[in-house]
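By convention here, the first residue in the shown sequence is residue 1. Remember, it's a predicted structure, so these values are computed and weren't measured experimentally.
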Amino acid sequence: MGRIDVESKAYMSNRERFADVFNFSLYSGKNVIQPNNLSPMDTSEMALPYGINSKMTTQKYRDLLKMYSAMRDDKMIYLILGLELQTHVHYAMPVRAMLYDALNYAGQVAEAATSYRENKTNLSKTEFLSGLRKEDKLIPVITLVISFDTEPWDGHTSLHEMLGINDPQILQYIPDYKLNLLTPAQIDDKEFDKFRTGLGAVMQFIKHRNDKDLGWMLKNKRFEKMDRETVNFIKTVTGADIRFNEEGEVIDMWAAWENGINEARTKGRSEGMINTAMMFAKKYNIPTEEAIKTAGVTKEEWDAYEQSQIIKS
């Protein structure tokens, strides 16, 4: 597992961000899912394809999985919410997400059957064979796939898209599975305001990472005061050269981004002057120290250049 994968899971495991992305996707940004109503679940999904007593199992590991439970209209509501975090396109993602959901439902049935057996619950023959009572209901499972890739998602978004047939007569008998996919490129800039955490800034920065015009960031309040964890995550997933000197947890993203640009320009200028001085020294057979002094290269710039050459070698 790479660094980006690890940091993505760590960043999104935060309950506020987890609730934020589901509120954005399911409720158009309305604050419905409360972080305090989320509890972590085991991310391993296991199914027993040949019955309760089978020694053969199928096991997969999700990225993040949480149980949502809350009272609504005097009724307790339960949802199982899963996040799959992608830093690159996954061309088999519809099948992968469908399998996760199916395993979770199979796990619920197996768990109910085990509970009835251990508690010696009185079941009819049909209920015993099914593992469920007639009135039992399963907890809904929703899997959301988030792409943190700076490139647009060009993969499939449904099972039917992956099939080598487009005959409607046949497809009507093949249940489709549609991917719940959230990618930066598909989000309109006005929609980023619906995020309530720094995740909105992450997604917007990814969307505009390669833009030459930085107007989308300038005077954007979302980037004026950002938490350091979010800024570091943006650096990780985009590779952006963001430099911040402030102490504390609040970062002015615009100033940090500008610092990175200016430092890159200065570095490029210094290396260009050093390379020119070294070529001059070689051509006219004069000491390197004299050439770089003539070129106006400082000792700090020369030391930094030598250190970079050591690292490269």
Side-chain angles (χ1 to χ4, degrees), residues 4 7-8 11-35 37-38 64 68 79 81-89 93 97 142-158 178-242 244 249-261:
I4 296 180
E7 294 198 20
S8 295
Y11 185 75
M12 290 307 303
S13 64
N14 174 276
R15 289 193 300 179
E16 283 72 23
R17 298 186 192 110
F18 193 98
D20 192 22
V21 74
F22 273 98
N23 280 327
F24 178 88
S25 300
L26 303 183
Y27 300 107
S28 192
K30 294 180 181 178
N31 196 23
V32 177
I33 297 176
Q34 299 296 318
N37 292 332
L38 292 169
L64 294 169
Y68 169 70
L79 291 174
L81 305 176
L83 277 184
E84 293 303 312
L85 311 174
Q86 296 297 127
T87 52
H88 300 287
V89 63
M93 202 66 213
I142 300 175
T143 296
L144 176 62
V145 178
I146 305 178
S147 171
F148 290 124
D149 195 351
T150 53
E151 298 297 324
W153 183 279
D154 64 352
H156 303 294
T157 57
S158 73
K178 294 183 179 181
L179 205 60
N180 299 312
L181 177 66
L182 184 63
T183 68
Q186 78 182 56
I187 303 175
D188 187 272
D189 280 312
K190 296 179 181 178
E191 297 293 300
F192 288 110
D193 290 335
K194 294 181 179 180
F195 285 100
R196 296 170 181 263
T197 67
L199 180 60
V202 173
M203 301 297 275
Q204 190 171 19
F205 194 98
I206 292 174
K207 177 178 180 178
H208 294 287
R209 171 67 179 93
N210 298 318
D211 288 8
K212 294 182 180 180
D213 181 6
L214 298 180
W216 60 272
M217 184 191 295
L218 186 62
K219 297 182 180 180
N220 190 330
K221 293 184 178 180
R222 185 177 298 106
F223 294 95
E224 286 183 1
K225 295 181 179 180
M226 296 179 59
D227 62 280
R228 189 176 292 264
E229 187 177 6
T230 293
V231 176
N232 281 325
F233 183 60
I234 289 175
K235 291 177 64 176
T236 298
V237 297
T238 66
D241 189 9
I242 303 169
F244 42 88
E249 293 302 313
V250 179
I251 305 298
D252 182 339
M253 182 66 169
W254 172 254
W257 179 239
E258 194 172 41
N259 288 342
I261 293 175

Does the Asn23 side chain pair with the main chain of Asn31, one donor and one acceptor, at a distance under 3.5 Å? no
Output, in order, the C-alpha distance, side-chain angles, deciding distance and verdict of side-chain hydrogen bond (donor to acceptor under 3.5 Å, both in side chains) for Glu7 and Thr236. CA-CA 8 Å; Glu7 294 198 20; Thr236 298; 2.8 Å; yes
Nearest heavy-atom neighbours spanning Phe18 and Leu81: CZ-O, 3.5 Å
Scanning both residues in full, the closest heavy-atom pair of Phe22 with Gly82 reads CZ-O, 3.5 Å
Do Glu151 and Val89 come close enough that some side-chain heavy atom pair is under 4.5 Å? no
Among residues at least two apart in sequence or on other chains, which ones pass ring pair (Phe, Tyr, Trp, His ring centres under 6.0 Å) with Phe233? Tyr11, Phe148
Just verifying a value: how many Å separate Leu144 CG and Leu179 CG, rounded to the nearest 0.5 Å? 8.5 Å
Please find the pair of heavy atoms, one from Thr197 and one from Glu16, that lie closest to each other, and give the distance. CG2-O, 3.8 Å
NZ on Lys207 to OG1 on Thr150, rounded to 0.5 Å: 14.5 Å
Just verifying a value: how many Å separate Arg15 CZ and Gln34 CD, rounded to the nearest 0.5 Å? 11.0 Å
Show your reasoning for whether side-chain contact (heavy atoms from CB on, under 4.5 Å) applies to Phe205 and Val237. CA-CA 10 Å; Phe205 194 98; Val237 297; over 6 Å; no
Let me confirm one number: the CD1-OH distance from Ile142 to Tyr68, rounded to the nearest 0.5 Å. 11.0 Å
Heavy-atom check, side chain of Thr230 versus side chain of Arg17, under 4.5 Å: yes
Flag side-chain contact, heavy atom, 4.5 Å: Gln86 against Thr183: no
Test of understanding: with ring pair (Phe, Tyr, Trp, His ring centres under 6.0 Å), list the residues that count as partners of Phe195, not counting sequence neighbours. Phe24
Can you check whether Phe192's main-chain N or O pairs, donor with acceptor, with Arg222's side chain at less than 3.5 Å? yes
Please walk me through it: do Leu182 and Met203 pass side-chain contact (heavy atoms from CB on, under 4.5 Å)? CA-CA 10 Å; Leu182 184 63; Met203 301 297 275; 4.0 Å; yes
Let me see the working for Ser25 and Asn180 under side-chain contact (heavy atoms from CB on, under 4.5 Å), right down to the final yes or no. CA-CA 9 Å; Ser25 300; Asn180 299 312; over 6 Å; no
Residues that His156 engages under ring pair (Phe, Tyr, Trp, His ring centres under 6.0 Å), provided they are two or more places apart: none
Check the pair Leu26, Val32 against side-chain contact (heavy atoms from CB on, under 4.5 Å), reporting the backbone distance first and the verdict last. CA-CA 9 Å; Leu26 303 183; Val32 177; over 6 Å; no
Contact check, side chains of Ile234 and Met226, non-hydrogen atoms, under 4.5 Å: yes
